[in-house]
Amino acid sequence: MTEFAKRGTPLEPDEGAMRELVAKVVDRVVDHILSLPEQPGYVDTTAAIEASKALVERLPTSPTPFEDLLDELFLEHAPQSFTTAGPGYLAYVPGGGLFHSAIADLIADTLNRYTGVLAAAPGFVQLERNVVRWFAEIIGYPASSSGILTSGGSLANLSGIVAARVEKLGDEFLGGIVYVSDQVHHCVSKAARIAGIPRRNLRVLPVDESFRLSPTVVAEAIAKDRGEGHVPFLLVASAGTTNTGAVDPLPELAELAARERLWFHVDAAYGGFFALTDRGREALAGLERADSIVLDPHKGLFLPYGVGALLVRDRGPLERAHSERADYMPPIQEDADLVDPCEVSPELSKPFRGLRVWLPFKLLGVEPFREALDEKLDLAFWIADRLRELPGIEILAEPQLSTLAFAVDRKLGSTAELNRLTRELHELTNGAGRVHLTATRLGERYAIRICVVSFRTHRDRIEACLEDITTALEQVLPSAGVERR
Ligand SMILES: *Cc1c(COP(=O)(O)O)cnc(C)c1O
């Protein structure tokens, strides 16, 4: 037996053992956070992928010392993974991982109260409702709106699409048509499929030069479908695409959806929380007219992975899509002011996710979040301005929020040549090890993205990013006259 396994009983450590377990973890996590600025901003996991094949473990039949396990986690696996919590992570859509939420998880998991039904933990369920109300307030939804917390944006989109399907089509939904742009997050197409919408019923529409869905294009597609006897029922807009951060023209699309009696769903998983800022609110105008909205607190509120949110203008459709009764369940609330989470969500037993938001919001107030998001907008616009001045660089997607995409200038060669040079630029930039940038494809072009979201990313790291791009560019285009600024 190891030190901890023999104190108390194996499954119930004694007082000293509990305190020691926590103390040892506190040492590790605090050291880890303090070392984040010095950790590599970019980690190539190619070797770790290969090595992971050998990581298959047998069912443990005997205890292992706690220190050995912590060593394995912190010293072996953590360094061989993307530094998603660090300031240099400008890849995909970052978040960071707020420490206060990790503390909230320890509290929530220790209390282990049941937040699937109101009767089991009325106070805690109400705290979670408050989090949903705060989100509604942030995006400008009425007090009568409702919503749920999910594991992430993907499942929030799924519940939104199911609510739309049930509300607009009832049981006969196989003829229902969904409209999305070709920039929509792939989890929306996946959600539509899981929701039973045949693939042939998904209309993937082209975007304009700013990567936005054009209301005219949608209107034409709807008219064509109606002419052919199909049943248009759902329009999905993006408020901040993952590719370029593009915000679809929400007021016009809301208008169109209302006129055509379509459910209007907005995937604001990346962009939604920018509504806390003045510039964000302006860019996201019209969001509040959606029937349902997806937000991702593990992006825009910097939480650790594992919290998404679906907000609905009216609770009715969400409830009709998810409500189910059973004799063995505790009493379900009939009072319109009270909500049983399991009645509006696909989950029954679930983690007390609300605490991950509730604790930091109450502890800090909302202001630090607003300021951090404002700073991200400043940083994205700042680096876009610098990149635009770099000879040999072309911005392919200007920042609409905190994401932008760029490539080697089209004047410098054929598309194939540009793509080769841009890929080289991308690899050299990451190779410098201070930032992690990911790429995407925009039309025929290979594009490097910069997505600034983490609360740990500040001006110094964005300057480092510009420096590394400039140095890489000098290598990729030695004759373009790139000058170090
Ligand atoms: C990240 C993202 C999603 C998916 O959310 P998960 O939390 O990863 O499941 C959906 N839409 C957009 C726009 C996103 O950025």
Side-chain angles (χ1 to χ4, degrees), residues 82 84-85 89-98 101 135 139 147-162 164 178 180-195 202 204 207 211-213 234-248 250 253 264-275 280 283-284 287 290 292-311 345-347 350-351 353 356-357 373 376 380 397 399-405 436 438-440 442 449-454:
F82 295 167
T84 37
Y89 195 67
L90 309 172
Y92 308 102
V93 180
L98 214 56
S101 298
F135 290 174
I139 57 101
I148 51 171
L149 300 181
T150 65
S151 60
S154 299
L155 289 209
N157 273 307
L158 175 59
S159 273
I161 288 174
V162 173
V178 182
V180 301
S181 88
D182 61 15
Q183 298 292 303
V184 81
H185 194 280
H186 70 283
C187 79
V188 171
S189 326
K190 191 200 275 190
R193 184 151 51 93
I194 299 173
L202 192 69
V204 181
V207 289
F211 307 98
R212 300 182 227 213
L213 190 52
L234 170 62
L235 170 57
V236 180
S238 305
T241 63
T242 309
N243 244 359
T244 66
V247 181
D248 289 334
L250 303 176
L253 293 173
F264 185 42
H265 175 80
V266 180
D267 179 7
Y270 152 62
F273 284 109
F274 283 101
L284 298 168
L287 180 59
S292 50
I293 299 170
V294 168
L295 301 172
D296 242 349
H298 62 204
K299 291 172 180 163
L301 289 182
F302 325 122
L303 261 59
Y305 296 119
V307 199
L310 172 70
L311 302 182
S345 134
E347 292 182 306
K350 65 177 198 56
R353 297 186 181 95
R356 302 171 125 215
V357 182
L373 287 166
K376 301 319 125 186
Q400 297 181 35
L401 294 168
S402 69
T403 303
L404 57 135
H436 186 160
T438 46
T440 188
L442 295 177
R449 298 167 66 258
I450 297 179
C451 182
V452 197
V453 182
S454 171

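Numbers for residues simply follow the sequence, beginning at 1. Counting starts at 1 for both ligands and their atoms, in listed order.
If you check which protein heavy atom lies closest to atom 9 (O) of ligand 1, you get S154 OG, 2.6 Å. Taking atom 15 (O) of ligand 1 as the reference point, the nearest protein heavy-atom neighbour is K299 NZ, 2.8 Å. Counting protein heavy atoms only, atom 5 (O) of ligand 1 is closest to D296 OD2, 3.1 Å. Of all protein heavy atoms, the one lying nearest to atom 11 (N) of ligand 1 is D267 OD2, 2.6 Å.
Between N157 and ligand 1, no pair of N/O atoms sits closer than 3.5 Å. In terms of N/O distances under 3.5 Å, ligand 1 is approached by G153. In terms of polar-atom proximity, defined here as any N/O pair under 3.5 Å, T241 makes no such contact with ligand 1.
Residues V204 and L202 form a side-chain contact, since some pair of their non-hydrogen atoms from C-beta on lies under 4.5 Å apart. Between F135 and P297, the closest side-chain pair of non-hydrogen atoms falls below 4.5 Å. Between S292 and L311, the closest side-chain pair of non-hydrogen atoms is not below 4.5 Å. Using a 4.5 Å heavy-atom threshold, the side chains of T241 and H185 count as separate.
Using a 30° and 60° split on the angle between ring planes, Y92 and Y89 fall in the tilted class, from 30° to 60°.
Numbered from 1 in the order shown, with element, the atoms of ligand 1 that lie under 4.0 Å from a heavy atom of H298 read 7 (O). Atoms of ligand 1 found under 4.0 Å from any heavy atom of G240 (numbered from 1 in listed order, with element): 13 (C).
Counting all heavy atoms, side chain and backbone alike, G272 lies closest to I139 at O-CG2, 4.1 Å.
A donor-acceptor contact closer than 3.5 angstrom links the side chains of N243 and T440.
The shortest separation from a heavy atom of G271 to ligand 1 is not under 4.0 Å, leaving the residue out of contact. At least one heavy atom of T242 sits less than 4.0 Å from an atom of ligand 1.
With a 4.0 Å heavy-atom cut-off, ligand 1 is reached by the side chain of C187 but not by its N, CA, C or O.
A distance-only check finds no donor-acceptor pair linking the side chain of D248 to the backbone of A237 [under 3.5 Å].
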